[in-house]
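Remarks on the structure that follows.
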Amino acid sequence: MSSDVRVAALEVVDQFVSHVQSGAEKPVNILDWTSKATLNVIGRVAFLHDFQAGNSPEAKQILGGRRRGVSRAAKYAGFLTLMLLRRFPILNDLPIAAIQSQGLAKVAIQTGVARELIRRNQDIVKNGDTKVSKDLLSRLLVAHAAGDISEEELYEQISTFIVSGHETTTQTLGFTIYELSRHPEIQAKLREELAAVKGEPTYDDFQARLPYLEAVLRETLRLYPGLPYIE
């Protein structure tokens with residue numbers, strides 16, 4: 001799995017480096033790039049799907065829908081609207097932009113990529129083969145074939161994991177890069193620690209040999225919790 005994560009992330013990193021070196025955009029909105037990277041990773045690792053480094057049509061729909069939703073929620077009136085109406089689910093179908101924008105990514109997933117994922121794996125749905133790949137999609141399809149979850153729940157699970165699975169990590173990576181840009185001395189110390197690891201860091205290296213990286217990430221999460229509010 002770690003190799004899949006690395007490949008998916010590097011696809012976006014290579015594009016980002018080329019973009020910066022071309023001087024096409026100044027300043028750079030780093031969240032546009034961290035969202036591409038995390039979506040690409042979860043697509044490849046959890047669902048065996050290629051989001052083409054965030055450039056596929058369905059990736060653009062998902063990222064664009066969430067971007068518009070977050071933009072509206074960031075506005076005070078939109079935020080209050082979301083908090084009020086989510087206390088009363090029956091009102092969620094009202095034609096209010098702040099509510100509708102939150103569903104754009106979900107609709108993009110359930111009408112596009114989720115259907116394609118299920119279509120490509122119909123053999124799992126039909127046979128209920130429990131010896132298939134251990135990725136999340138296969139597990140969900142086996143559960144559906146066994147009658148443990150309904151078709152509606154299957155689609156809901158796929159959309160929830162795609163959106164929630166990449167969104168919080170997107171924000172954490174973005175804030176980490178932001179704070180490192182504000183504190184060059186910390187950035188230099190972190191680079192030194194990473195450079196001391198010969199070759200590409202393994203999973204065990206991240207667990208045992210990179211304490212300063214862990215400290216940086218923990219401090220980012222303290223300052224900017226990935227999920228500061230739970231309904």
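These numbers come from the heavy atoms of this one structure, side chains and all, not from hydrogens, waters or symmetry mates.
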Minimum heavy-atom separation for [X] to [Y], with atom names?
| X | Y | result |
| --- | --- | --- |
| E193 | L213 | OE1-N, 3.0 Å |
| R209 | A196 | NH2-O, 4.1 Å |
| G174 | T34 | N-CG2, 3.9 Å |

Rounded to the nearest 0.5 Å, what separation is found between the [atom1] atom of [X] and the [atom2] atom of [Y]?
| X | Y | atom1 | atom2 | result |
| --- | --- | --- | --- | --- |
| T172 | I177 | OG1 | CD1 | 11.0 Å |
| L154 | I158 | CG | CD1 | 4.5 Å |
| E185 | K189 | CD | NZ | 10.0 Å |
| R191 | L194 | CZ | CG | 8.5 Å |
| T176 | Q171 | OG1 | CD | 11.0 Å |
| E156 | I149 | CD | CD1 | 11.0 Å |

Does a side-chain heavy-atom distance below 4.5 Å link F16 with K36?
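SC-SC contact between F16 and K36 ruled out.
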May I ask you to test the H166-L63 pair for a side-chain heavy-atom distance under 4.5 Å?
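A side-chain contact exists here, since the closest heavy-atom pair is under 4.5 Å.
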Using modelled atom types and a 3.5 Å cut-off, is there a donor and acceptor pairing between side-chain atoms of S35 and backbone atoms of D32?
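Yes, the answer is positive, given that a donor and an acceptor are paired below the 3.5 Å cut-off.
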Under a 3.5 Å distance rule, please check whether E179 uses its side chain to pair with a backbone N or O of T220 as donor and acceptor.
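Here the side-chain-to-backbone pair does not exist.
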I'd like a table of donor-acceptor pairs (distance under 3.5 Å, sequence neighbours excluded) in which one partner is a side-chain atom from residues 39-54, with atom names and distances.
residue : atom : partner : partner atom : Å
N40     : OD1  : A53     : N            : 3.0
N40     : ND2  : A8      : O            : 3.0
N40     : ND2  : E11     : OE1          : 2.8
R44     : NH2  : E11     : OE2          : 2.9
H49     : ND1  : R120    : NH1          : 3.4
H49     : NE2  : E58     : OE2          : 2.8
D50     : OD1  : Q52     : N            : 2.8

Looking at residues at least two apart in the chain, or sitting in another chain, which of them share a side chain to side chain contact (heavy atoms under 4.5 Å, CB included) with [X]?
| X | result |
| --- | --- |
| R218 | E214 |
| T202 | D204, D205 |
| E192 | none |

Only counting residues at least two apart or in another chain, list the ones meeting side-chain hydrogen bond (donor to acceptor under 3.5 Å, both in side chains) with T168.
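Once residues adjacent in sequence are excluded, T168 has no partner under the side-chain hydrogen bond (donor to acceptor under 3.5 Å, both in side chains) criterion.
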Are [Y] and [X] connected into the same hydrophobic cluster when the rule is that any two of I, L, V, M, F, W, Y join if their side-chain heavy atoms are below 4.5 Å apart?
| X | Y | value |
| --- | --- | --- |
| V216 | V197 | yes |
| V20 | I30 | yes |
| L180 | L221 | no |
| L173 | L31 | no |
| I186 | L217 | yes |

More than 12 heavy atoms of other residues, nucleotides or ligands under 6.0 Å from CD of E151: is that the case?
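Result for CD/E151: open.
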By the ring pair (Phe, Tyr, Trp, His ring centres under 6.0 Å) test, which pairs, at least two apart or in different chains, include something from residues 173-206?
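Every ring pair (Phe, Tyr, Trp, His ring centres under 6.0 Å) pair that includes a residue of residues 173-206, provided the two are not neighbours, is F175-Y224.
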